[in-house]
Amino acid sequence: MNETNETINVTGGGKVQTRDDARMRVKKIAFIGLMGAVSAVLMLFRFPIPFMPPFLSFDFSGLMEMLGGFMFGPVAALCIIIVKIMLQLVMQGSFSLGTGELQNLILSCTYVLPALLLYHRNKSRKMAVAGMAFSSLLVAVVAVFTNLYLIIPFYVKLFGMSMDDIIAMCSTVNPAVKNAATMAVFGILPFNLIKYGVTSLVTFIIYKRLSRVIKGVINK
């Protein structure tokens with residue numbers, strides 16, 4: 001029997017796994033880990049957006065999560081998110097006693113998983129676009145609530161500040177911000193629509209080309 005087709009595991013009445021299958025599985029796991037590492041590195045290159053709340057920063061870490069999910073499925077995307085957060089803790093530690101990491105996990109899952117579940121039910125370009133558009137809107141709305149009721153209250157207590165201090169900070173870069181409601185409408189919501197909208201656009205542009213390369217390496 002050819003060595004590349006040699007059976008290495010057989011379950012009664014189930015699938016036969018060959019060495020090629022096992023090798024492809026290892027390569028897939030390696031790529032998932034690598035994409036998690038790249039996602040963690042991308043988080044290091046955060047930058048603010050003009051007129052947006054200064055406590056929010058833009059990064060492209062969601063790019064690897066969405067790309068990995070399109071290629072390998074929602075479970076792979078979740079693994080990439082977890083690897084990213086764990087590596088970020090190793091590289092930078094936590095400045096928020098885990099609250100920021102919890103926020104990261106919530107928003108990453110909210111952005112990636114709905115789009116992937118829709119796409120993997122009907123794998124088409126139209127469904128991919130619709131899924132990312134829906135997820136971008138959903139995560140922007142969720143970010144309003146997690147910031148107002150989780151992140152901001154935590155930082156207010158941690159650093160001995162008040163909500164008025166946060167609003168004043170935002171008002172200096174955007175005079176339209178006058179209270180918590182306007183901070184949500186003119187700051188948190190548009191920031192996240194921009195962040196995840198741009199991430200979705202870049203994903204759409206590079207997905208096909210990158211997936212061909214990665215799947216070509218895995219299938220060798």
Side-chain angles (χ1 to χ4, degrees), residues 39-40 42-69 74 77-78 80-82 84-85 88-89 92 94-118 129-159 161-174 176-204:
S39 186
L42 289 174
M43 283 194 68
L44 300 176
F45 298 95
R46 304 185 185 102
F47 56 91
I49 298 178
F51 307 109
M52 295 291 117
F55 58 84
L56 299 177
S57 56
F58 187 106
D59 67 74
F60 279 105
S61 62
L63 181 62
M64 289 294 107
E65 298 159 10
M66 190 67 84
L67 286 169
L78 183 59
I80 292 169
I81 292 168
I82 292 172
K84 174 193 73 173
I85 293 172
Q88 191 219 356
L89 284 170
Q92 294 185 301
S94 177
F95 302 103
S96 59
L97 301 180
T99 312
E101 288 69 39
L102 176 60
Q103 163 88 329
N104 196 325
L105 177 64
I106 292 171
L107 295 187
S108 293
C109 290
T110 303
Y111 171 57
V112 171
L113 296 182
L116 297 178
L117 291 172
L118 286 172
V129 172
M132 287 191 291
F134 172 74
S135 284
S136 297
L137 179 59
L138 178 62
V139 72
V141 173
V142 170
V144 170
F145 290 95
T146 54
N147 274 285
L148 291 181
Y149 299 107
L150 176 66
I151 298 300
I152 294 176
F154 175 81
Y155 276 101
V156 164
K157 290 183 180 180
L158 183 64
F159 295 105
M161 303 170 67
S162 69
M163 180 62 79
D164 289 338
D165 294 328
I166 301 294
I167 293 168
M169 186 192 309
C170 296
S171 183
T172 58
V173 297
N174 186 348
V177 175
K178 302 183 183 301
N179 50 42
T182 53
M183 180 172 63
V185 173
F186 297 114
I188 300 172
L189 184 64
F191 172 87
N192 284 282
L193 285 173
I194 293 170
K195 176 180 178 178
Y196 293 103
V198 171
T199 300
S200 296
L201 178 61
V202 175
T203 300
F204 180 77

Exercise. Do Pro74 and Leu78 have side-chain heavy atoms sitting under 4.5 Å apart?
Worked result: no
Problem set entry | Candidate pair Asp59 and Leu42, rule side chain to side chain contact (heavy atoms under 4.5 Å, CB included), full reasoning | CA-CA 6 Å; Asp59 67 74; Leu42 289 174; 5.6 Å; no
Problem set entry | Thr172 side chain vs Met169 backbone, donor-acceptor pair below 3.5 Å | yes
Exercise. Are Thr110 and Thr146 side-chain neighbours, meaning at least one heavy-atom pair lies under 4.5 Å?
Worked result: no
Problem set entry | Side chain proximity check, Met66 to Thr199, heavy atoms < 4.5 angstrom | no
Donor-acceptor pairs under 3.5 angstrom involving side-chain atoms of residues 148-155: please list them, not counting sequence neighbours.
none

For this session: Enumerate the residue pairs fulfilling side-chain hydrogen bond (donor to acceptor under 3.5 Å, both in side chains) with a member in residues 180-198, sequence neighbours excluded, ordered by first and then second residue.
Result: Asn179-Thr182
Problem set entry | Set of side chain to side chain donor-acceptor pair (under 3.5 Å) partners for Ser135, sequence neighbours left out | none
Exercise. Which atoms form the tightest heavy-atom contact between Ala77 and Val112, and what is the distance?
Worked result: CB-CG1, 3.5 Å
Exercise. Which atom pair, heavy atoms only, marks the closest approach of Pro114 to Cys109?
Worked result: CD-O, 3.5 Å
Seminar exercise, completed: When every non-hydrogen atom of Phe55 is compared with those of Cys170, the smallest separation belongs to CE2-SG, 3.5 Å
Exercise. Between Val173 and Pro54, which heavy-atom pair has the shortest distance, and what is it?
Worked result: CG2-CD, 4.0 Å
Exercise. With Asn174, which residues qualify under side chain to side chain donor-acceptor pair (under 3.5 Å), at least two apart?
Worked result: none
For this session: Identify the two heavy atoms, one from Ile80 and one from Gly68, that lie closest to each other, and give their separation to 0.1 Å.
Result: CD1-CA, 3.7 Å
Problem set entry | Atom of Gly197, atom of Ser136 and distance for their closest heavy-atom approach | N-OG, 4.0 Å
Exercise. Taking atom CZ of Phe186 and atom NZ of Lys178, what is their separation to the nearest 0.5 Å?
Worked result: 9.5 Å
For this session: Please examine the side chains of Leu107 and Val139, heavy atoms only from C-beta on, and report whether any two atoms are closer than 4.5 Å.
Result: yes
For this session: Report, as yes or no, whether the 6.0 Å neighbourhood of atom CZ on Phe51 holds more than 12 heavy atoms from other residues, nucleotides or ligands.
Result: no
Problem set entry | Non-neighbouring partners of Ser162 that pass side chain to side chain donor-acceptor pair (under 3.5 Å), sequence neighbours left out | Asp165
Exercise. With sequence neighbours excluded, what pairs up with Asp164 under the salt bridge (charged side-chain N to carboxylate O under 4.0 Å, His left out) test?
Worked result: none
Exercise. Are Ser200 and Tyr111 close enough that some pair of their side-chain heavy atoms sits under 4.5 Å apart?
Worked result: yes
For this session: Give the C-alpha distance, both sets of side-chain angles, the deciding distance and a yes or no for side chain to side chain contact (heavy atoms under 4.5 Å, CB included) between Asn104 and Met43.
Result: CA-CA 11 Å; Asn104 196 325; Met43 283 194 68; 3.1 Å; yes
Problem set entry | Test item: Ser39 side-chain N/O and Ser61 main-chain N/O as donor-acceptor pair under 3.5 Å | yes
Problem set entry | Verdict with supporting geometry, Asn147 and Leu56, side chain to side chain contact (heavy atoms under 4.5 Å, CB included) | CA-CA 10 Å; Asn147 274 285; Leu56 299 177; 3.9 Å; yes
